[in-house]
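Right, one structure below, let's go through it.
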Amino acid sequence: MSDYRSKLLELLTVVRESNQSFLKIRLIAEKEVELLWEIDHETAENIKAVTILDESYKYRLSFHSSWDPIKKQYKSYLTKTYRDHSEKIQFLCSEAYVSGLHSIKSDEKIKQITNLTHLPTNLKQLPSQTEKVKPFKLSTTFGWLVAAVMSFIFIGLFVYSYIFNPETTNHTKVKVENIRKVVPEVKHSDKVKINSPDEGIDSLPIVEIRDTVTYNIPKGKVALTFDDGPSQYTKEITDILKRYEVGGTFFFIGNNVKKYPDLVQYVNSNGYSIGSHSMNHLNITKLSNEKKEYEILQTNQLIEDLIQEKVVLFRPPFGSNNEATIEVTNKTNTKMVLWNADTEDWKSENANEIVEYVKNSKVSGSIILLHESSPVIEALPKIIEFLNQEDLEIVNLK
């Protein structure tokens, strides 16, 4: 993730003016700003060709891109959304466009537009509401008079806001007001609220997975991992983690992602890590290499389309793996995350036994395996409280 929060890049329109092309975009991170991004004509035309920019559809630009060896050109993606239907669309783009996407994505903290120091120089802030303000011609004398009056008004307002606004502590600070918060569209359910990127947890500790296969993490840390979702239990598990302000990692099954896309977005918008748990929860060691790749990549694609972030973590169903599975993991640029603490919650279905297992284990440096279920929800607060008492840092895996 970039920091721990999502960045969303909504396409509003494509603008062509004489010898320049622009994308009008809405960048949603810690704040929401509208920008005018100058891009090359060819990429602009390719985007126009695959979009219908009216109120019926919404388009979200992907931060991902790849090289097409056949056409010898970069390609990127956007997601078209209409009500509860979404479609991923590919278009060819320039290297400059890819570079611009990278610059936007890599700027970790976005509080106001003036802080976007790493954005390309051709990325400009739009006027707050309109497409473009047309010039209004005045006579020279009248123009100077209007300018003087407007200057006096602005100076007065500035002084007033500085003196009487208790939130203002630095007269050079840009205050952003009346910004409407935009959240990802919820599908299939209106009962789950997707947080805006500037809501929720301030920070979550992270352990980055570097090895191809991982069973544990550094001492002093512990990872709570949840398999087989998303499900009816996902939101409550997320809310418990959020209440205690601790990390958590979810391994989602592709077919469940199709059923509960709103819950995938809910987990992501609250700062928690998401990995693949295969498409169909099959024993992956018994599949051909082609089917292995499908089980991993198809699930990744479903999740990435929803959260607009690359999925790197993979947990094979049942923990089954062999050399061929590890080779496919390397080929698909994923990291296999296993565990060294199995609560066997699926077997006992007893919250007290789950808690006792954790208390009697060597939990420092452990990756704890849990499944989304009612007993786990009952046990989770007690597990977190025990781990906190042991002075262990409960982390996200990344």
Side-chain angles (χ1 to χ4, degrees), residues 1-2 6-29 31-82 85-108 110 113 115-133 182 184-185 197 297 300-301 303-311 333:
M1 295 186 199
S2 177
S6 304
K7 286 184 182 177
L8 300 178
L9 203 57
E10 183 181 352
L11 175 64
L12 302 178
T13 190
V14 182
V15 182
R16 179 74 179 261
E17 293 184 2
S18 61
N19 63 341
Q20 293 177 298
S21 291
F22 301 89
L23 298 184
K24 182 181 177 183
I25 59 175
R26 180 177 291 120
L27 177 61
I28 308 165
K31 294 292 181 184
E32 176 188 339
V33 290
E34 290 187 3
L35 306 170
L36 196 62
W37 179 11
E38 183 181 351
I39 65 170
D40 60 285
H41 294 314
E42 185 178 356
T43 301
E45 290 302 315
N46 290 342
I47 292 174
K48 284 179 69 174
V50 297
T51 56
I52 305 172
L53 293 166
D54 58 25
E55 295 182 357
S56 302
Y57 300 95
K58 290 186 178 180
Y59 293 90
R60 191 169 64 235
L61 293 170
S62 171
F63 285 109
H64 301 148
S65 59
S66 58
W67 175 256
D68 189 326
I70 298 175
K71 297 182 178 179
K72 295 183 179 180
Q73 192 171 353
Y74 285 99
K75 59 184 178 182
S76 190
Y77 313 88
L78 55 80
T79 301
K80 179 173 75 172
T81 302
Y82 177 68
H85 176 73
S86 64
E87 177 187 359
K88 185 174 181 180
I89 302 172
Q90 174 184 302
F91 61 91
L92 296 177
C93 60
S94 65
E95 185 176 356
Y97 177 84
V98 173
S99 177
L101 284 177
H102 177 75
S103 297
I104 298 170
K105 183 179 179 181
S106 63
D107 196 330
E108 294 184 354
I110 301 178
I113 186 65
N115 284 346
L116 301 179
T117 55
H118 300 296
L119 289 179
T121 55
N122 59 352
L123 196 58
K124 307 169 186 177
Q125 186 175 16
L126 282 175
S128 58
Q129 306 239 346
T130 61
E131 286 282 339
K132 187 177 179 182
V133 179
V182 177
E185 183 174 348
L297 294 179
N300 287 0
Q301 191 65 67
I303 298 170
E304 288 171 2
D305 285 348
L306 290 168
I307 68 174
Q308 294 296 295
E309 295 175 13
K310 182 127 180 100
V311 176
N333 295 315

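The figures that follow rest on heavy atoms only: side chains count, while hydrogens, waters and symmetry mates do not. Numbers here simply count residues along the sequence, with the first being 1. Because the structure is predicted, anything quoted here is derived from the model rather than measured.
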At what distance, to the nearest 0.5 angstrom, does [atom1] of [X] lie from [atom2] of [Y]?
X    : Y    : atom1 : atom2 : answer
I28  : R60  : CD1   : CZ    : 9.0 Å
L23  : T43  : CG    : OG1   : 8.5 Å
D305 : Y77  : CG    : OH    : 10.0 Å
L9   : L78  : CG    : CG    : 10.5 Å
L36  : T13  : CG    : OG1   : 10.0 Å
L306 : Q301 : CG    : CD    : 10.5 Å

For this session: Could you check R26 against E34 for salt bridge (charged side-chain N to carboxylate O under 4.0 Å, His left out), going step by step and ending with a plain yes or no?
Result: CA-CA 4 Å; R26 180 177 291 120; E34 290 187 3; 2.9 Å; yes
Return the minimal non-hydrogen interatomic distance between [X] and [Y], and the atom names on each side.
X    : Y    : value
S21  : H41  : OG-ND1, 2.5 Å
S76  : S62  : OG-O, 3.8 Å
V311 : E304 : N-OE2, 3.0 Å
W37  : G100 : CZ2-CA, 3.7 Å
F91  : I47  : CE1-CG1, 3.6 Å
H64  : K310 : NE2-N, 3.3 Å

Heavy-atom distance under 4.5 Å between the side chains of [X] and [Y], does that happen here?
X    : Y    : value
H102 : F63  : no
T79  : Q308 : yes
I104 : L35  : no
N46  : Y97  : no

For this session: Assess whether atom NZ of K75 is packed by more than 12 heavy atoms of other residues, nucleotides or ligands within 6.0 Å.
Result: yes
For this session: Check the surroundings of atom CD in E95: do more than 12 heavy atoms from other residues, nucleotides or ligands lie under 6.0 Å from it?
Result: no
